[in-house]
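In what follows, a single structure is set out as structure tokens and then discussed.
Chain A is the first sequence line, chain B the second, and so forth, proteins listed ahead of strands; every chain is numbered from 1.
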2 protein chains.
Amino acid sequence: MNVGQVAALAGVTVRTLHHYDRIGLLRPSGRTSAGYRQYAPADLDRLHQVLLYRELGFPLEEVATLLDDPAADPAAHLRRQHQLLRDRLERTSAMVAAVEKEMEARAMGISLTPEERFEVFGDWLPEEYAAEAEEKWGGTDAWAQSQQRTRAMTKDDWLRVKAETDDVEARFATALRDGVPADSEPAMDLAEEHRQQLSRNFYDCGPEMHGGLGRMYVEDERFTAYYERIAPGLAQYVSAAIQANAARQG
Amino acid sequence: MNVGQVAALAGVTVRTLHHYDRIGLLRPSGRTSAGYRQYAPADLDRLHQVLLYRELGFPLEEVATLLDDPAADPAAHLRRQHQLLRDRLERTSAMVAAVEKEMEARAMGISLTPEERFEVFGDWLPEEYAAEAEEKWGGTDAWAQSQQRTRAMTKDDWLRVKAETDDVEARFATALRDGVPADSEPAMDLAEEHRQQLSRNFYDCGPEMHGGLGRMYVEDERFTAYYERIAPGLAQYVSAAIQANAARQG
DNA sequence: GCTTGACCCTGACGCGACGTCAGGCTGTTC
DNA sequence: GAACAGCCTGACGTCGCGTCAGGGTCAAGC
């Protein structure tokens, strides 16, 4: 099998294979008399490993030492790759969650702290700078302005959306006052309306994601505060209704 | 806020911020009289966006055009980032699944085709090369050799593991023959034993992942064949027992 | 047997996104 | 006022290839 075919199979360029040959990361196990590189099955195995580790962010030199380590059998590589991939999965979910939180915060007109936003970019160094930043900008209206600036619907759109939101929230509050159980059908219907409203106006929000948001309403004090200001106990109530609705759909 | 603080907060180096300044991707909104870069809250917002898009693999120049596009409000960025992150999540899960499949294949002494292995590296170009490769190596013993070579437990270990595996499989076959329902307790216990055996000898296999493997036993013909050779109907039976066991644990 | 066109080779230079000094100013602290 | 951490601007280095340039190879068709 020669370069072009291997390249097509593995989804890399010929140049990449040349490169790997030159740096000794993956030398084809043979050459034709004309000097054409000939790749054997074992070479493909190795290429596969190389691409996996590369995808996982290892520099090529390190990939070489990993793969040339005689103490590491293939099973060890698989285990390591498995672990690394799961780490990555976790990190990506965290980032997804962060973006969803940000979207939800925008929808509710809450603004997150910069620490929170950067939190997801690994290796988080705590306190220290947090305190400092709070001090510098915490109470000022810089945040308020920045928030204004970033809110870029037309004013009419925004007012319409705001009215919709207020409406559902008010009906939630009424239901709570009238003692309608959070897991009753009317409450779940309200939750469903809330979810569809989000989906229409902000971002696509499936029941599962909605459930995550619901949890956040009781776990993050700023979101809690938002609802508690409307009516005491409302955060808990809305969250419960959302959970019930999500369960109903699952 | 000056470079060092921003760098620490965002988890990047000062040099990176210098770079972003020079290429015009992120210019601090002010300078002190001494020439020190001064970053404002809005700059942090932008930095956050930059890092997200960078993480998602965009070249910096493209990030700049994305962020400077006056038609794209912040919500649009969030939606796009959300979508991209979800894509990535999906891709990573696919890779995790591929690695798990490979591990399981090894455990059973089956070897996957190179096409399958590379499949997960996106933008898959079909047929064409698949056929070609089959033709070249399909029936030869090159694969068998490569498989031998890569199997690097000590022989004793391997024999012990093989005996364990055979034992559970035989007991599954007996249960099937005796008409023990796949969702009965003894069958589920066997499934659990199977799971724990995998975890001990090969890789950490939680109930959920085990369920995925079970499905593969009936969906992938080579895995099916492996069990059918032991006893007809065994693939289906084992798969069902695994599902039942997974459900019992969840 | 000869041309054509796809494929292969080896340099060699270029590039993106920084890392890493070097040489020098700033600003706080004791 | 001296020390030391932190900031500045060049400028060169590195990694993982992309992209020509200049030239050999090979299967197909005439």
Under 4.0 Å between a side-chain N or O of A/H18 and OP1 or OP2 of C/dC9? yes
Kindly indicate whether the side chain of A/L17, heavy atoms from C-beta on, has any atom under 4.5 Å from the side chain of A/L47. yes
Using whole Å, report how far CG of B/L26 lies from C1' of C/dA17. 15 Å
Nucleotide by nucleotide, 5' to 3', does protein get under 4.0 Å of the base (B), only the sugar-phosphate (S), or neither (-) in nucleotides 10-23 of chain D, counting heavy atoms? -B----BBBB----
Ignoring hydrogens and angles, state whether a donor on the side chain of B/Q83 or B/D87 is under 3.5 Å from an acceptor on the partner side chain. yes
Restricting to nitrogen or oxygen on both sides, can you table the protein-nucleotides 25-28 of chain C pairs closer than 3.5 Å?
unit_1	atom_1	unit_2	atom_2	d
C/dT26	O4'	B/Y36	OH	3.2

Taking atom C1' of C/dC18 as reference, at what distance in whole Å does atom CG of B/L17 sit? 12 Å
For B/R37 and D/dC8, is the shortest distance between a side-chain N/O and OP1 or OP2 below 4.0 Å? yes
B/Q38 CD to D/dC7 P, straight-line distance once rounded to whole Å: 10 Å
Not counting sequence neighbours, which residues clear salt bridge (Lys or Arg N to Asp or Glu O under 4.0 Å) with A/R54? List them please. none
Does anything in residues 56-65 of chain B form a side chain to side chain donor-acceptor pair (under 3.5 Å)? List the pairs, not counting sequence neighbours. none
Tell me, please, which residues at least two apart from B/R86 pass salt bridge (Lys or Arg N to Asp or Glu O under 4.0 Å). A/E100
Nearest-Å distance, CG (A/N2) to P (C/dC9)? 8 Å
I'd like to check B/L60 versus B/H19 (side-chain heavy atoms, cut-off strictly below 4.5 Å). Are they in contact? yes
Please list, one pair per line, the donor and acceptor atoms closer than 3.5 Å that link side chains of residues 23-35 of chain B to other protein atoms, with sequence neighbours excluded.
unit_1	atom_1	unit_2	atom_2	d
B/R27	NH2	B/D21	O	3.0
B/S29	OG	B/D43	OD2	2.9
B/R31	NH1	B/G35	O	2.9
B/R31	NH2	B/D21	OD2	3.1
B/T32	OG1	B/A34	N	3.2
B/T32	OG1	B/G35	N	3.4
B/T32	OG1	B/Y36	N	3.1

Report yes if the side chains of A/R80 and A/L66 come closer than 4.5 Å at any heavy-atom pair, otherwise no. yes
Roughly, in whole Å, what's the span from CD in B/E55 to P in C/dC18? 12 Å
